[in-house]
Amino acid sequence: MKTIRRRTFLKMIAAASTAPLLKPLSVLAVQPEASLVLFNGSIITVDGSDSVAEAIAVRGDRILAVGSTPQIKSFAGRNSTLIDLQGKAVTPGLIDSHAHLPPFGTRELYWVKLQGIESKEKVLELIAARAKETPEGKFINAWGVESMELSFMNRHDLDKVTTRHPVLVIHTTGQWGFANSAALKLAGVNQATTNPPGSLVEKDPRGEPTGLLVHYPALYLVRRVIPPPTADVMAKTIDHAAALYSREGVTSVHDNFFMVTGMSSVESAHLYFNLAASGRLPVRLKIWPYLPTLTDTLDAVSELFTGKKPNPASPLYKVGEMKRSDPATFERVWGGCKIAIDGSGPTAGWSRNPNALMLHSPSELRQMVSAIHRAGQQVSVHAVGNVAVQTMLDAFESAQQEHKRPDPRHRIEHALWPGDESLHRIRKSGVVISTHPQFIYAWGDRWGEGPKVPEFVPLRSFLDRQIPVAMGADPPAFPLWQPQYALWQAVARVSSGGRRFASSESISIKEALRLQTMGSAYAAFQERDLGSLEAGKLADMVVWDRNFLTIPTGEIRDAKASKTIVGGKIVFSRESAAL
Ligand SMILES: [Zn+2]
């Protein structure tokens, strides 16, 4: 055994006695050499007491120590990379709890992008321009209509633009869309088509489809005839989306709506899981495949979690192969099961919404939740309105009653305003709320005048009741992906049009940072490894061009990541990034 050098030993004793932030190492060990040392900065640790330190040392992919500059510099050796922060702030890597990388990257790279466009004429103009450069017969996909009117357009509008291409225009929320006649014909959607459960194929008075398809099951009727992306295209879209996140200081992403059934191929699921596991992406990735029906749910549970003979026809067969051959990697990438109960905007499950359209009956939903819960898995559910949240709480409580599990930690995605009556139930059942204060900024002006609207995204109420909260940006369903908007809006609560939302639901920037780091880590059972800068945790962190804790609230959205570090490696550096 090597003996400890006296100078090192004295340094360690001094460090341990003067700085509680520096976690003392065993005095029997030789002082380890750091691979990376960041010093002379403001290290916002988001640890249990919200400590701010000056420096941080990393060894390999883990944090070695956090403390004062002299303490931490003592870990520097011949092979260490030293970064003088010159006063800059460092936070834990931000974790986006709700995103969909394949469609996000596809929106950015390939689809006709409609975000921010209000008029139907302009939408049609953009699709016409795309039609001109698209070979006849090839599918045209557009994403991002923002109008909340289901009557925004119909197939006749789209037919005027092109009859030579099938066209599908999807609303920004992903909850409904408009197809032209060519797309409906290709998909075999006609007078005889009935509404798949939980959805609507709108018909005109003569019984002809209008082109409006509401909710995923109706959209699938058309989406399933769109050729799936090639492996190259899919990898490119995921790379692109991950790189966009990395530039903004995001180091982990939860993809909780990956469509393995309905439209993606078995190969694309395989490719996505492999890519996520490869370590090649600049973000860590966890995936919650979307299970649209009870049958899909039972199949997924059977394929992955029952030990039954695998079924090569299952969309999750190859993901199951990964689980059987490399369970540790599977665990690292697998998040849980995503389901949905209501829609969005006009179809969301609010108590006074006569048009609320639920995707499942309460009994079907209970069976789906129960199957996932019994398999020991986390349910992540899309539920926007207060009735949707109540329905989910009923299902979670009944699953827990029939099969008690410690800390199932099911999550509700969105929960824009669960209602006071649900807050104590959320708290009691240990449910995590994964939500989006940035929605206030981009969509606050569209949310109508209901008495409770000013309280939407009630972060203060959640935190006061110790309800765990995670934050995510939800691209491509939401136009922006930069987490700075979430941090800003958690505090400011003001729409882009200047509408002010209840300041009683505002939280501090320190609290907001905690939700975007530890809160999101907790939502994926990763709080022991991620979410704060503490010795032993994975070295995911971001150097910022300004300090969130000292800048005025209005400047939070302008903060830029100077360096993004994942597992001790610099994966993005603004200085060297291509403009
Ligand atoms: Zn989403």
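Atoms within a ligand are numbered from 1 in the order they appear, just like the ligands themselves.
In this structure, R155 forms no cation-pi arrangement with F178, as its terminal cationic atom is not both closer than 6.0 Å to the ring centre and no more than 45° off the ring axis.
Between Y272 and F258, the distance separating the two ring centers is shorter than 6.0 angstrom. The six-membered or imidazole ring of H254 lies near that of W288, with a centre-to-centre distance under 6.0 Å.
Between E146 and T172, the side chains place no donor N or O within less than 3.5 Å of an acceptor N or O (distance only, hydrogens not considered). Counting only N and O atoms by type, the side chains of Q175 and T347 include no donor and acceptor under 3.5 Å apart.
For the Zn ion (ligand 1), the count of nearby protein N, O or S atoms, meaning those under 2.8 Å away, is 3.
Under the 30°/60° scheme for interplanar angles, the aromatic rings of H100 and F257 are found to stand perpendicular.
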